[in-house]
Amino acid sequence: MAAGDLAGSFQDEVTCAVCLEYFTDPVTVECGHNFCRACISQCWGESEPDFSCPQCRETAQQRNLRPNRQLGNLVELVKRLRLQAVAEPKGQQVCERHQEALKLFCEEDQTPICVVCDRSRAHRAHTVVPIEEAAQEYRRQTEVERQLVVFKCERLHQFLAEQERLLLARLGELDQEIERRREENATHLCEEISQLSTLIMELEGKCQQPVPELLQGVRSAVRRDEKVMSPHLAPKSPELEKRIWDFPRENNLQEAVTGFLEGLAAERGLRRARGFAVDVTLDPDTAQPKLVLSEDRKHVRYRDEEEALPDNPERFDTYPEVLGAEGFAGGRCYWEVEVGDKTDWMLGVCRDSVSRKGQNDVSLEDGYWAVWLRDGEYEAVTSPSTPLPVSARPSRVGIFLDYEAGEVSFYNVTDRSHLYTFTDTFSGKLRPYFYPGHNAGGTNAAPLIICPVQAQAGGNLCH
């Protein structure tokens with residue numbers, strides 16, 4: 001029999017029925033069953049009137065724990081056999097505590113574990129998957145990250161090349177303008193030099209004439225001399241001077257690169273968020289009576305007539321509000337909503353416990369994390385409200401909930417930009433929130449539509 005098979009056959013014999021791990025300081029009770037000394041002492045306590053075996057429930061009249069040294073030696077022997085068995089596959093790692101192969105992965109603790117760890121109290125309620133399955137998931141995540149890095153660097157290279165081309169083109173235009181001005185000034189200076197040379201020759205000629213003739217033409221010569229010799233500065237060009245002065249400020253490459261990287265970060269955040277896409281539907285039991293839901297519970301619109309619906313505790317009764325049917329108490333999840341050309345809407349998440357009756361306030365204090373379009377302004381629902389930097393009108397909005405991180409992020413899917421991120425501490429169940437607004441004479445009659453999202457590798461669903 002192979003060492004691994006032999007050790008496996010002893011597994012149950014050397015495992016404590018209380019902690020489900022290898023015996024530690026094993027002892028035998030009166031019925032003959034064995035337990036760790038600490039486990040049986042904890043089960044019996046200090047003041048129990050009788051002592052029952054945790055395995056067979058037989059009652060003993062007195063606390064009698066006999067050390068079982070032979071079983072302790074057997075435990076050590078099985079540990080060595082298991083270590084030998086798992087060491088046979090080259091390079092396989094083993095659990096330091098149980099000397100078992102690390103074949104499983106605990107998603108809560110994010111660590112490899114063995115089959116004995118899986119049966120222990122520490123991991124009994126945790127989500128455990130085969131380690132190869134977890135490795136494959138991380139390989140996909142790594143590949144996604146690699147693609148994002150390559151994509152980001154390629155986009156940055158393209159951006160820098162385009163900025164270089166634009167800046168050099170503008171510098172070339174300035175050089176041409178400066179050269180044209182230099183040539184104009186040089187031409188003007190040559191004309192003045194020519195006039196001076198002519199005047200000098202004329203004056204030299206007059207100096208050779210008799211005194212009467214010299215005095216007769218000297219007045220006109222002096223006047224021409226004053227005119228030619230007066231300073232003629234090169235004409236100024238305020239427009240060119242302003243362009244030269246403003247060039248470093250208007251062409252701040254550092255600011256341009258920073259803005260570009262912020263845009264890339266927002267796009268990267270959106271791509272990662274879409275990897276956690278979940279299927280969200282509307283909950284008809286929460287819909288205010290003037291709201292109409294589609295048969296597939298993906299569309300919601302407002303109508304002026306109120307439908308006769310049961311006034312159940314979950315239903316909003318005042319404002320046109322409805323919640324998603326799904327509730328999230330952990331993990332990461334993402335969904336997208338088509339807002340189209342609507343002029344009034346609000347989207348986000350809220351606590352499952354928010355008030356549904358009367359004029360409820362949508363605020364952080366009351367358990368809402370939302371953004372809205374109202375009176376032509378996009379804002380985050382904070383106190384006071386926070387204006388959102390919208391460069392392109394969003395026709396579709398993405399909502400990303402990271403429960404453990406305490407974040408709710410909103411994205412403009414239209415131009416793949418980041419709108420806003422709330423940071424808070426969550427507790428209890430959170431649910432998607434939808435407010436399609438009133439019809440406003442037909443200008444806001446279009447529905448809100450929950451859109452399908454192509455999930456990308458690397459995402460884990462909420463729970």
Item to complete: May I ask you to check whether Tyr403 and Phe328 place their ring centers less than 6.0 Å from one another?
Response: no
Response to the item:
When rounded to the nearest 0.5 Å, the distance separating CG of Asn360 from OH of Tyr319 is 7.0 Å
Worksheet item: Do the side chains of Leu347 and Val339 get nearer than 4.5 Å, heavy atoms only?
Response: yes
Worksheet entry | Pair Thr59-Ser52, side-chain donor/acceptor within less than 3.5 Å | no
Discussion item. Take a 6.0 Å sphere around CG of Asp375 and say whether it holds more than 12 heavy atoms from other residues, nucleotides or ligands.
Written reply: no
Practice prompt. Report the relative orientation of the aromatic rings in Tyr368 and Tyr433; use parallel for angles under 30°, tilted for 30 to 60°, perpendicular for over 60°.
Written response: perpendicular
Item to complete: Measure from the side-chain N and O atoms of Thr414 to the backbone N and O of Pro394, and report whether any donor-acceptor pair falls under 3.5 Å.
Response: no
Worksheet item: To the nearest 0.5 Å, what is the distance between OH (Tyr22) and NE2 (His98)?
Response: 7.5 Å
Discussion item. Does Glu314 have more than 12 heavy atoms from other residues, nucleotides or ligands lying within 6.0 Å of its CD?
Written reply: yes
Item to complete: Would you check if the side chain of Arg37 reaches a backbone N or O of Thr24 as a donor-acceptor pair within less than 3.5 Å?
Response: no
Worksheet, complete the sentence: Nearest heavy-atom contact between Leu291 and Glu321 is CD1-O, 3.4 Å
Item to complete: Specify the closest pair of heavy atoms between Asn412 and Ala392, including all atoms of both residues, with the distance to one decimal.
Response: ND2-O, 2.7 Å
Item to complete: With the side chain counted from C-beta on, respond yes when Cys19 and Ser120 share a heavy-atom pair under 4.5 Å apart, and no when they do not.
Response: no
Worksheet item: Counting distance only, does the side-chain N/O of Thr28 pair as donor-acceptor with the main-chain N or O of Gly32 below 3.5 Å?
Response: no
Item to complete: Give me the ring orientation class for Tyr334 and Phe400: parallel if the planes are under 30° apart, tilted from 30 to 60°, perpendicular past 60°.
Response: tilted
Discussion item. So Ser385 and Val381, do their side chains get closer than 4.5 Å, heavy atoms only?
Written reply: no
Discussion item. Is the shortest side-chain heavy-atom distance between Arg66 and Val27 below 4.5 Å?
Written reply: no
Worksheet item: Has the side chain of Arg315 got a donor or acceptor atom that lies under 3.5 Å from a matching backbone atom of Pro284?
Response: yes
Worksheet item: Any salt bridge between Lys290 and Glu306, counting N to O under 4.0 Å?
Response: no
Discussion item. If you define the side chain from C-beta out and look only at heavy atoms, does anything of Lys103 sit under 4.5 Å from Cys114?
Written reply: no
Worksheet item: Out of curiosity, Glu365 CD to Thr382 OG1, how far, rounded to the nearest 0.5 Å?
Response: 9.5 Å
Worksheet item: Does Asp283 come within less than 4.0 Å of Arg297, counting only side-chain N to carboxylate O?
Response: no
Practice prompt. Compare all side-chain heavy atoms of Glu162 with those of Arg165 and state whether any distance is below 4.5 angstrom.
Written response: yes
Worksheet item: For Arg303 and Pro289, which heavy atoms make the closest approach, and how far apart are they?
Response: NH2-O, 4.0 Å
Fill in: Distance-only side-chain donor-acceptor flag, Asn34 / Asn68, under 3.5 Å
yes
Item to complete: Please report the shortest heavy-atom distance between Leu448 and Trp345, naming the atom on each side.
Response: CD2-CB, 4.1 Å
Item to complete: For the pair Ile113 and Val128, evaluate side-chain contact (heavy atoms from CB on, under 4.5 Å) and give the outcome as yes or no after the intermediate values.
Response: CA-CA 9 Å; Ile113 61 174; Val128 176; 4.0 Å; yes
Response to the item:
Rounding to 0.5 Å, atoms CZ (Arg431) and CG (Leu323) come to a distance of 5.0 Å
Worksheet item: What closest approach, in Å, do Arg356 and Pro313 show between heavy atoms, and which atom pair accounts for it?
Response: CG-O, 3.6 Å
Worksheet item: Can Val337 and Ile399 be said to form a side-chain contact (heavy atoms from CB on, under 4.5 Å), step by step?
Response: CA-CA 8 Å; Val337 181; Ile399 301 98; 4.1 Å; yes
Worksheet item: Do Tyr435 and Gln288 pass the side chain to side chain donor-acceptor pair (under 3.5 Å) test, and can you show the C-alpha distance, the side-chain angles, and the key distance before you say yes or no?
Response: CA-CA 10 Å; Tyr435 172 93; Gln288 196 257 1; over 6 Å; no
Fill in: From CA spacing to verdict: side-chain contact (heavy atoms from CB on, under 4.5 Å), Phe35, Cys53
CA-CA 10 Å; Phe35 304 95; Cys53 173; 3.6 Å; yes
Practice prompt. Check for a donor-acceptor pair, side chain of Asp296 on one end and backbone N or O of Lys298 on the other, with a separation under 3.5 Å.
Written response: yes
Practice prompt. Identify whether the distance between the nearest side-chain nitrogen and carboxylate oxygen of Arg119 and Glu21 falls below 4.0 Å.
Written response: no
Worksheet item: Looking at the rings of Tyr420 and Phe422, which for Trp means the six-membered one, are their centres under 6.0 Å apart?
Response: yes
Discussion item. What verdict does the side chain to side chain donor-acceptor pair (under 3.5 Å) test give for Ser391 and Asp415, after you've listed the backbone C-alpha separation in whole Å, the side-chain angles of each residue and the deciding distance to 0.1 Å?
Written reply: CA-CA 8 Å; Ser391 56; Asp415 66 354; 3.1 Å; yes
Discussion item. Let's go through Asp344 and Trp372 carefully: what are the C-alpha distance in whole Å and the side-chain angles of both, what is the deciding distance for side-chain contact (heavy atoms from CB on, under 4.5 Å) to 0.1 Å, and is it a yes or a no?
Written reply: CA-CA 7 Å; Asp344 183 19; Trp372 67 25; 5.9 Å; no
Worksheet item: Is the ring centre of Trp369 less than 6.0 Å from the ring centre of Phe426?
Response: yes
Worksheet entry | Test item: Leu270 and Arg272 side chains (from C-beta on) under 4.5 Å apart, heavy atoms | no
Practice prompt. Under the side chain to side chain donor-acceptor pair (under 3.5 Å) rule, what do Thr281 and Glu326 come out as? Steps first, then yes or no, please.
Written response: CA-CA 7 Å; Thr281 57; Glu326 296 72 22; 2.9 Å; yes
Fill in: Between NE2 on residue His33 and SG on residue Cys16, distance to nearest 0.5 Å
12.0 Å
Worksheet item: Is Asn64 reaching over with its side chain to a backbone N or O of Glu30, donor-acceptor style, under 3.5 angstrom?
Response: no
Discussion item. To check you understand the geometry: which heavy-atom pair defines the closest contact between Cys106 and His123, and what is its length?
Written reply: SG-ND1, 3.5 Å
Worksheet item: Taking NZ, NE, NH1 and NH2 as the nitrogens, is one of them in Lys357 or Asp311 under 4.0 Å from a carboxylate oxygen of the other?
Response: yes
Worksheet item: Between the main-chain N or O of Asn312 and the side-chain N or O of Asp285, is there a donor-acceptor pair closer than 3.5 Å?
Response: no
Worksheet item: Atom CH2 of Trp335 and atom SG of Cys333: how far apart are they, to the nearest 0.5 Å?
Response: 5.0 Å
Practice prompt. Considering only NZ, NE, NH1 and NH2 on the basic side and carboxylate oxygens on the acidic side, decide whether Asp352 and Lys429 come within less than 4.0 Å.
Written response: no
Discussion item. Just so I know, are the side chains of Ile40 and Val18 near enough to count as touching, which here means a heavy-atom distance under 4.5 Å?
Written reply: no
